[in-house]
Amino acid sequence: MEGQKVTLFKRYPFVEGQKIRIEDGKLKGDWMVVSISESKVKLRCPISDREFEWNRFCYFTEERDNEPWPLD
């Protein structure tokens, strides 16, 4: 069997209290990780303090130091 170009994805290992920024899609914006289970992640908006729980969905792309957070 000949080798093929394959794109690999891993579920991101969230940590409670982590500050994240989703840069595209319907969840775009800054979030604080509130809780994590095997299948769900609960996020809090730092502007409105509203919390939302979703199926775990994010994949790591980049980490930046000295980044302003939250953006308004």
Side-chain angles (χ1 to χ4, degrees):
M1 185 180 292
E2 186 177 322
Q4 299 293 313
K5 182 176 180 179
V6 177
T7 302
L8 304 172
F9 292 87
K10 290 184 179 181
R11 187 170 55 178
Y12 186 76
F14 288 109
V15 176
E16 288 184 17
Q18 185 174 25
K19 295 173 176 75
I20 66 171
R21 178 168 300 136
I22 300 173
E23 292 194 325
D24 60 7
K26 68 180 184 178
L27 304 178
K28 182 178 179 178
D30 290 334
W31 299 93
M32 170 81 71
V33 178
V34 176
S35 64
I36 310 116
S37 72
E38 183 61 31
S39 60
K40 302 281 186 179
V41 60
K42 184 183 280 188
L43 303 177
R44 177 184 304 127
C45 173
I47 306 299
S48 69
D49 276 337
R50 291 180 63 195
E51 293 184 0
F52 300 91
E53 187 172 62
W54 289 289
N55 292 329
R56 289 181 70 170
F57 60 89
C58 285
Y59 301 93
F60 177 74
T61 58
E62 182 180 4
E63 221 171 39
R64 297 178 189 164
D65 290 324
N66 300 314
E67 188 73 13
W69 189 93
L71 291 177
D72 29 294

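In what follows, every heavy atom counts, from backbone to side chain, and hydrogens, waters and symmetry copies are set aside.
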**OP:** Go through the structure and list residues passing side-chain hydrogen bond (donor to acceptor under 3.5 Å, both in side chains) with Gln4, not counting sequence neighbours.
**Re:**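 Expected list: none.
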Original post:
In chain order, what residues pass the side-chain hydrogen bond (donor to acceptor under 3.5 Å, both in side chains) check against Glu51, with sequence neighbours excluded?
Top reply: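 Glu51: side-chain hydrogen bond (donor to acceptor under 3.5 Å, both in side chains) contacts with Arg44.
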**OP:** Indicate if Ile22 and Ile36 have the same hydrophobic cluster label, given that clusters are the connected sets of ILVMFWY residues with side-chain heavy-atom separations under 4.5 angstrom.
**Re:** yes
Original post:
Partners of Ser37 by side-chain contact (heavy atoms from CB on, under 4.5 Å), sequence neighbours excluded?
Top reply: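 side-chain contact (heavy atoms from CB on, under 4.5 Å) check on Ser37 returns Ser39, Lys40.
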**OP:** Would you name the heavy atoms of Glu38 and Arg56 that are closest together and state the gap between them?
**Re:** O-CD, 3.6 Å
Subject >> Val33 to Val41 - nearest heavy-atom pair and separation >> reply: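 Looking at all heavy atoms of both residues, the shortest contact is CG1-CG2, 4.2 Å.
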Original post:
If you link I, L, V, M, F, W and Y whenever their side-chain heavy atoms are under 4.5 Å apart, who else ends up in the same group as Met32?
Top reply: Trp69
Distance-only check: which donor-acceptor pairs under 3.5 Å involve side-chain atoms of residues 13-20, not counting sequence neighbours?
| residue | atom | partner | partner atom | Å |
| --- | --- | --- | --- | --- |
| Gln18 | OE1 | Val15 | N | 3.0 |
| Gln18 | NE2 | Tyr12 | OH | 2.9 |

**OP:** Only pairs at least two apart or in different chains count here, so list each salt bridge (charged side-chain N to carboxylate O under 4.0 Å, His left out) that has a residue in residues 26-36.
**Re:** Arg21-Asp30
Subject >> CH2-NZ distance between Trp31 and Lys42, expressed to the nearest 0.5 angstrom >> reply: 12.5 Å
Original post:
Within a strict 4.5 Å, meaning less than it, do heavy atoms of the Val34 and Leu43 side chains meet?
Top reply: no
